[in-house]
Amino acid sequence: MLEVLALALTVFLVILSAAYARRFGIGKEILLAGTRALVQILILASIILILFDKPLFWSLLVLAVMAAIAGHTTYSRSGKLERGLPVAIVSIAAASLVLLIPFFLMGIFPLEARYIVPTGSILIGNAMNVSSLAIDRYKGEIKNRRSEVEAYLALGAKPELAAAVCLKQGILSALIPSIDNMKNLGIVWIPGVMTGMLLGGADPMEAASIQIAIFTSIFVAGMIASSLMLHYSTDSFFTKAAQLREEMD
Amino acid sequence: MNRVHLELKNVSKAVFRKVNNTSVRTQILGGLDLNVDKGELVTIMGASGSGKTTLLRLINRLSEIDSGSILLNGNDIRSHVPMELRRKIGMVFQVPVTFKGSVKDNLAFGINLWGGNTGIETLSRDAGIPEDLLDADAGQLSIGEKQRVCIARALANQPEILLLDEPTSSLDAQSAETIEKLLLDLQKERDLTILWVTHEKDQAERIGGRRLILKDGRLEEYHA
């Protein structure tokens, strides 16, 4: 009964916001995004339900598919850089996996599908967002600072050194929203995991502890994924003769 | 006897230019030949868009030639590691770009990268940079001062050849003449081979050396 009411509220809000947003010309887009979100979350719930009875391998497979889709999204955001797809997938998957393992090694969560899939998906989703922002900004910085990058190259600097200032700016810009969120955690907003646990009747201190562990893991995963992504993307902006590609003009 | 330092043989290059939001292939250089002797000063003139900057970019391999060859001391520049080639062939750009940090940090860039025995004090003195500016933020300097820093920074690599892409075009007349004199003095002192691109005929007259003009993708002797 509870789920029917929650879904009914969702449908009502999507239709209402789409109707209101028509005047801005984005009504259709909101309707489509809302419908997609609803369908996708129901599919995910069904998959998790199925995974309850399956070996853990299947949960890891679901996470691998999520990382591949996340990698493709970041790759598209990068303007489909040469070798960008494998770099994006591996960066997001590796960073998320490294931060997921401690939760189960330390016994914070039991090694079960109901914990592996949601925690992994939060890490993957955020790593994707941060990496997309970072690569977009990195590319923009290289384009805008072409003369500076070429001044470095003209002095005999390697591409990694010539683009270092742009890379730093790309990572910094992508992490600013996460840093601001971290600063305001618990003051301006109560994040999703804690909200969910409190609504489920958990002890507030336990909910807060798990939330902060997840939150910092999300931050670190985003930082690692974006650093790996940008570092290994640098070569895509340059030719083998260490020339800044003409399409970066 | 003069030794050929730099040789361009039948060099061609096309670039893509945006015309009405469409990329159009434009032939900039076609079958260009040039021989430059060690320690020679060559002035290259030409109208806007004639390919003067492109020519310099090809020589220190910031851009790639489409066909032909460029030889440094008889060896194709493509046989050099690009980073090492660019240390040997320095370039000063039209608009000076300083790096984040102090003037000293900028001058130390090449020394930190390549080693070398030229001290920062010697470099700054040679480039006419007052000692009290060494700790100043390079981004806050005037354009003329920035250009001096860029010249000194290029010299820190102890290049054999210096490519100058209209280095005084963004300066006022007085600063331009000071930089001209500075570069000519440095050329004599260090026996530098210099290719100096300018669009000003008066400046080309003042600089002296061999004067060439870039026309229809090729170089011709210029007669005033």
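Remember, predicted model here, so these are calculated numbers, not experimental data. Letters A, B, ... are given to chains in the order of the sequence lines, protein chains preceding strands, and every chain is numbered from 1.
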- Task: Fit a plane to each ring of F109(B) and Y152(A), take the angle between them on a 0 to 90° scale, and name the class: parallel (under 30°), tilted (30 to 60°) or perpendicular (over 60°).
- Result: perpendicular
- Residue part contacting chain A, namely of E84(B), when any heavy atom lies under 4.5 Å: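 No part of it gets close to chain A.
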[atom1] ([X]) with more than 12 external heavy atoms under 6.0 Å:
X	atom1	result
Y232(A)	OH	no
I41(A)	CD1	no
R83(A)	CZ	yes
E131(B)	CD	no
R145(A)	CZ	yes
N10(B)	CG	yes
E29(A)	CD	no

- Item | Stepwise side-chain contact (heavy atoms from CB on, under 4.5 Å) check, R86(B) with L155(A) | CA-CA 6 Å; R86(B) 291 175 190 143; L155(A) 289 167; over 6 Å; no
- Look at S147(A), G156(A), A151(A) and state which one has the largest set of heavy-atom pairs under 4.5 Å with chain B.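 Most pairs with chain B among the choices: G156(A).
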- Side chains of L113(B) and L161(A): does their closest heavy-atom pair fall under 4.5 Å?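 Result yes, sub-4.5 Å side-chain heavy-atom pair found.
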- Task: Heavy atoms only: give me the nearest A157(A)-M83(B) pair and the separation to one decimal.
- Result: O-CG, 3.7 Å
- What's the shortest heavy-atom distance between P82(B) and A242(A), and which atoms?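 That would be CB-CB, 4.4 Å.
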- Query: Who among R57(B), M91(B), R87(B) has the most heavy-atom pairs with chain A under 4.5 Å?
  - Reply: R57(B)
- Message: As a quick check of understanding, evaluate side-chain contact (heavy atoms from CB on, under 4.5 Å) for V97(B) and E148(A), giving each step before the final call.
- Response: CA-CA 6 Å; V97(B) 179; E148(A) 187 180 343; 3.9 Å; yes
- Query: Is Q243(A) reaching over with its side chain to a backbone N or O of R61(B), donor-acceptor style, under 3.5 angstrom?
  - Reply: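 Yes.
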